[in-house]
Amino acid sequence: MHVHERTRDMSDQSDAVQAEADKLWRIRHSASHILATAIQEMFPEAKFAIGPPIADGFYYDFDLPRPLSTEDFDEIEGRMKAVVKANQRFERDEWSKADAREFFADQPYKLELIDGIEGDTVSIFKNGPFTDLCAGPHVGRTKQCKHFKLLKVAGAYWRGDENRPMLQRVYATAFAKRDDLDAHLHMLEEARRRDHRKLARELDLFDFNKLSPGAIFWRPKGWASYLQLQAYFREIEQKNDYVEICNPILYSKELFEQSGHWDHYRDHMYIIRGGSESEEAGEESHNVTYGLKPMNCPDTMLFFGSKKRSYRELPMRVAEFGMLHRNELAGALSGATRVRQFCQDDAHIFATEEQIPGEIDNVLALVDQTYSMFGLDYHFELSTRPEDFMGEVEVWDAAEDALKTAIDSSGRDYKINEGDGAFYGPKIDIFLRDALGRTWQCATIQLDFQLPRAFDLTYTTADNSERTPVVIHRAIAGSLERFFAVLLEHFAGAFPTWLAPVQVKILSITDDQADVAWEIARDLRASGVRVEVDDRSEKIGKKIAEAEVSKTPYMFVIGKREAEAGNVAVRTWTEGRRGVMAVADVKAEILERIANRTLDAKVEVSAISQLAAAADEADAAPPEY
RNA sequence: GCUGACGUAGCUCAACUGGUAGAGCACUGGUUUUGUAAACCAGGGGUUGCGGGUUCAAGUCCCACCGUCAGCACCA
């Protein structure tokens with residue numbers, strides 16, 4: 001029932017692979033009609049919207065007289081099975097628009113879809129009692145859609161517009177073979193197991209508290225890792241000629257009026273009227289309206305403008321790890337990936353227009369370097385001018401061209417995200433995928449001609465005239481909280497040694513080895529290694545089990561033999577039992593791995609993310625109707 | 001914010017159609033001194049998210065609020 005012409009060039013795929021993908025596509029598309037058939041039986045008054053195949057399955061949007069819940073799934077699936085068993089034929093027909101309008105007279109969504117179709121006729125597909133406006137293609141008969149499963153029901157706005165009615169969307173999946181369906185459901189289960197919120201609780205990294213919704217409460221272990229991650233990005237900056245500043249998080253609204261945030265971003269900001277509720281507070285603080293900064297750019301503009309600047313200083317790369325606050329809608333929050341308080345590995349590069357391509361190339365290189373170091377899978381998108389933009393269209397066009405040229409010449413693949421730029425400039429965004437296959441924007445490169453003007457920033461050129469610099473906003477991790485969450489899922493909680501909260505656990509076999517264990521621990525700690533000693537009077541098997549569950553990279557087991565010889569029996573997360581080693585040797589190895597940030601972790605690319613990535617490749621075209 | 005679901009001990013979960021809250025792990029005390037994935041005994045711990053309501057009686061039913069989850073919309 002939807003147009004899904006494959007627009008992309010498929011020459012890079014073998015015909016067999018393509019045929020397989022097309023078949024799956026048709027099965028899911030047909031399964032969505034079977035779902036609609038069941039719904040029509042249950043609710044004769046149901047209004048039907050759209051029901052396209054998607055990356056991992058399909059959905060159908062309905063307008064129903066009552067809310068559906070998962071308790072209805074048994075009945076719906078039962079009716080769907082009956083439709084499959086009846087082995088109805090999918091028959092295509094072509095109707096005049098007039099006939100279609102008459103047939104769908106009480107189907108407002110279908111009527112709207114008909115209005116949007118070009119030409120005088122529309123394509124119709126029928127199976128048994130169900131007739132739908134649909135471009136196809138479908139499988140021949142319903143029996144080809146045996147292996148399906150309803151997954152969830154949720155609200156979805158008609159045509160994705162929050163001002164239009166909210167429909168009920170049933171998500172489901174379907175496969176050609178029973179085994180494929182089972183494998184997929186198993187993967188969903190696995191994905192839940194590596195959910196960062198679950199891992200964070202189990203590994204004692206961070207948690208949440210309703211006293212500050214959308215904020216992370218870091219615990220010692222999580223914070224230890226977070227600081228390592230931040231240190232990495234700080235090091236990247238230092239090695240690439242960035243300077244770092246640190247500015248306030250609370251500003252008079254004047255700053256945001258000047259930056260444009262007051263006009264374009266106020267709804268997402270925390271505004272504080274008056275400085276204090278106390279009667280004792282000074283009059284001045286009562287009369288000023290403050291805002292918590294949602295971005296670091298305004299105060300970085302202040303920094304640049306704080307004195308006369310020379311062209312010799314450009315490009316000037318200014319980093320800041322400021323705490324940002326954004327008043328996100330309650331429904332938008334999602335663990336650590338979408339929060340209201342976070343910190344970015346943020347930097348603003350002040351440059352001449354000629355320096356733009358080189359600077360963008362530098363940032364792209366840092367993105368590649370960092371993401372490949374973590375073994376992450378990522379993709380690029382170019383976001384263009386939004387509706388609510390600042391400045392002139394010509395300047396925007398120039399900025400978009402500059403970004404496009406830079407990314408084109410780098411030879412990277414990317415897709416275009418129309419109208420998704422920041423209010424001050426277009427951007428290249430880099431997306432990562434979480435355990436559940438959802439993509440998250442992480443790295444970002446934004447080109448900005450607006451803020452330097454808004455702050456009247458200039459530098460003195462070689463011929464002693466004043467010019468306005470261009471600003472490149474960039475972040476490699478983006479939100480460190482989000483990046484941390486993605487890494488946590490990526491490694492399923494088992495960080496490489498350099499990033500692990502506890503890098504070594506020293507386990508004594510009897511109380512007699514406690515002193516030696518602590519001696520080794522003190523020595524390692526003096527070298528900067530994060531060590532814990534388990535000298536409880538527990539059996540070694542239990543200590544090992546707990547250390548394994550906590551996914552600690554190194555375990556040193558010390559019994560009488562090791563203590564006497566200056567050795568430890570080493571176990572590692574990745575290799576298991578390693579054998580007896582001299583303390584000095586294993587210490588050297590650990591220090592080397594930490595210094596090199598070795599990727600000594602098992603990175604199993606989750607099957608679901610592979611699958612979702614493959615689906616992206618296949619380029620799920622948005623349904624027209 | 002919208003639609004739906006959910007909220008019981010620190011964690012994971014029990015408690016039939018309303019009858020007055022229980023287990024494992026964790027924690028505390030003790031016994032055990034242990035050789036590579038989980039010893040034993042005992043104990044403490046919950047105004048069942050918060051506030052109303054219905055009822056002789058509410059973890060269970062109703063309402064409102066807070067929070068969480070999925071999706072939509074928004075976005076780093």
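- Between B:C72 and A:Arg159, no contact under 4.0 Å exists linking OP1 or OP2 to a side-chain N or O.
- For A:Arg338 against B:C74, a side-chain-to-base donor-acceptor contact under 3.5 Å is present.
- At the phosphate of B:A70, OP1 or OP2 sits under 4.0 Å from a side-chain N or O atom of A:Arg197.
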Enumerate, atom names and distances included, each donor-acceptor pair closer than 3.5 Å involving a side-chain atom of residues 203-212 of chain A, sequence neighbours excluded.
unit_1   : atom_1 : unit_2   : atom_2 : d
A:Asp204 : OD1    : A:Arg219 : NH1    : 2.5
A:Asp207 : OD2    : A:Arg219 : NH2    : 2.7
A:Asn209 : OD1    : A:Leu211 : N      : 2.8
A:Ser212 : OG     : A:Gln341 : NE2    : 3.3

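- In this model, no side-chain donor or acceptor of A:Arg169 finds a partner on the base of B:C72 within 3.5 Å.
- Look at A:Lys152 and you won't find any side-chain N or O under 4.0 angstrom from OP1 or OP2 of B:C72.
- Using a 4.0 Å heavy-atom criterion, one finds that A:Gly335 contacts the sugar-phosphate atoms exclusively.
- Ring-to-base geometry places A:Phe342 in a stacked arrangement with B:A76 (centre distance under 5.5 Å, plane angle under 30°).
- Contact annotation: A:Arg438 reaches the phosphate of B:G71 (side-chain N/O to OP1 or OP2, under 4.0 Å).
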What dot-bracket string describes RNA chain B from 5' to 3', counting Watson-Crick and G-U wobble pairs whose defining distances are under 3.5 Å, with [ ] for crossing pairs and | for pairs to another strand?
(((((((..((((.....[..)))).(((((.......))))).....(.(((..]....))).))))))))....
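- Looking only at atom types and distance, the side chain of A:Asp600 has a donor-acceptor partner in the side chain of A:Thr497 under 3.5 Å away.
- Comparing B:G71, B:A38, B:A73 by their nearest atom to the side chain of A:Tyr157 picks out B:A73.
- Residue side chain A:Glu328 reaches the base of B:A76 through a donor-acceptor N/O pair under 3.5 Å, judged by distance alone.
- Residue A:Ser537 places its side chain closer to B:U33 than to any other of B:C75, B:C72, B:U33.
- Evaluation of atom-type donor-acceptor distances gives a pair under 3.5 Å for the side chain of A:Glu548 against the base of B:A37.
- Neither OP1 nor OP2 of B:G35 sits under 4.0 Å from any side-chain N or O of A:Arg561.
- In terms of position on RNA chain B, the residue among A:Leu333 and A:Tyr265 whose nearest nucleotide sits closer to the 5' end is A:Leu333.
- The stretch residues 500-520 of chain A comes close to RNA chain B through A:Ile509, A:Thr510, A:Asp511, each having a heavy atom under 4.0 Å from the strand.
- Side-chain proximity of A:Ile544 to B:U3, B:A70, B:A37: nearest is B:A37.
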